[in-house]
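Read through the structure below, which is laid out as structure tokens, and then see the notes.
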Amino acid sequence: MKKIKLLVTMRDIAAAAHLAQVVRVARFDNRFDVRVLAQKPASSFLEAEGITHVSLDLPSASSPESEAATELLEIARRELIKYPCDVVLAGLSTPIDGGIDEAMLATASVPTFLFQDFWGEQNRFFGKGA
């Protein structure tokens with residue numbers, strides 16, 4: 001049986017608290033191959049919880065045209081090329097800026113899902129949602 005390659009991203013601390021549980025279960029389930037990308041503060045939470053992940057030491061972007069936004073989008077594209085996945089599960093970030101979650105949702109060509117920790121909200125910072 002082919003494993004489902006699941007890419008999980010998070011930046012927000014509340015998203016990390018919820019998605020950490022998803023990651024723990026998925027890593028225990030032999031149907032999944034899980035890769036986790038996280039920005040601070042989520043990466044600090046995952047580290048404290050002992051959850052293996054790739055920590056992205058990048059600032060959030062305050063504008064879609066900013067240098068930080070360009071860097072986030074480029075990292076998302078490179079990550080998807082270097083580690084192709086079958087599906088992306090992203091956390092929900094604050095609606096006033098963009099991070100790895102929004103960059104991944106904007107660049108992924110595979111199915112994407114948003115794990116909301118607050119109902120009815122989605123951050124379309126880069127113009128595309130899950």
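Taking CG of L56 as the reference point, atom CD of E79 lies at 7.5 Å (rounded to 0.5 Å). A distance of 8.5 Å separates OG1 of T70 from CD of E65, quoted to the nearest 0.5 Å. The CG atom of L37 sits 7.0 Å away from atom OG1 of T9, with the distance rounded to the nearest 0.5 Å. Expressed to the nearest 0.5 Å, how far CZ of R35 lies from CG of L6 amounts to 12.0 Å.
Residue-environment remark: CD (E49) exceeds the threshold of 12 foreign heavy atoms within 6.0 Å.
There is no path of hydrophobic side-chain contacts, each under 4.5 Å, that joins V25 to V88. No continuous path of ILVMFWY side-chain contacts below 4.5 Å connects L73 to Y83, so the two sit in separate hydrophobic clusters. Following chains of ILVMFWY side-chain contacts shorter than 4.5 Å, one can reach M10 starting from F113, so the two form part of one hydrophobic cluster.
Side-chain contact between T52 and R27: present, with at least one pair of heavy atoms (C-beta onward) separated by less than 4.5 Å. Between L80 and M104, the closest side-chain pair of non-hydrogen atoms falls below 4.5 Å. The closest side-chain heavy-atom distance from L58 to I75 is below 4.5 Å.
The two residues P111 and D86 come nearest to each other via the heavy atoms CD-O, 3.4 Å. The two residues A42 and D12 have their closest heavy-atom pair at CB-O, 3.8 Å. Across all non-hydrogen atoms, the minimal contact from L114 to G91 is CD1-O, 3.3 Å. The heavy-atom pair separating L7 from C85 by the smallest distance is CB-SG, 3.9 Å. The two atoms that bring K3 and N30 nearest to each other are CE-O, 3.1 Å, heavy atoms only. Between A38 and L46, the shortest heavy-atom contact is CB-CD1, 3.8 Å.
With L72 as the fixed residue, the side chain to side chain contact (heavy atoms under 4.5 Å, CB included) test singles out one of Q39, R11, E67: Q39.
No donor-acceptor pair under 3.5 Å is formed between the side chain of S44 and the backbone N or O of K40. Not one N or O on the side chain of Q21 forms a donor-acceptor pair closer than 3.5 Å with the backbone of H18.
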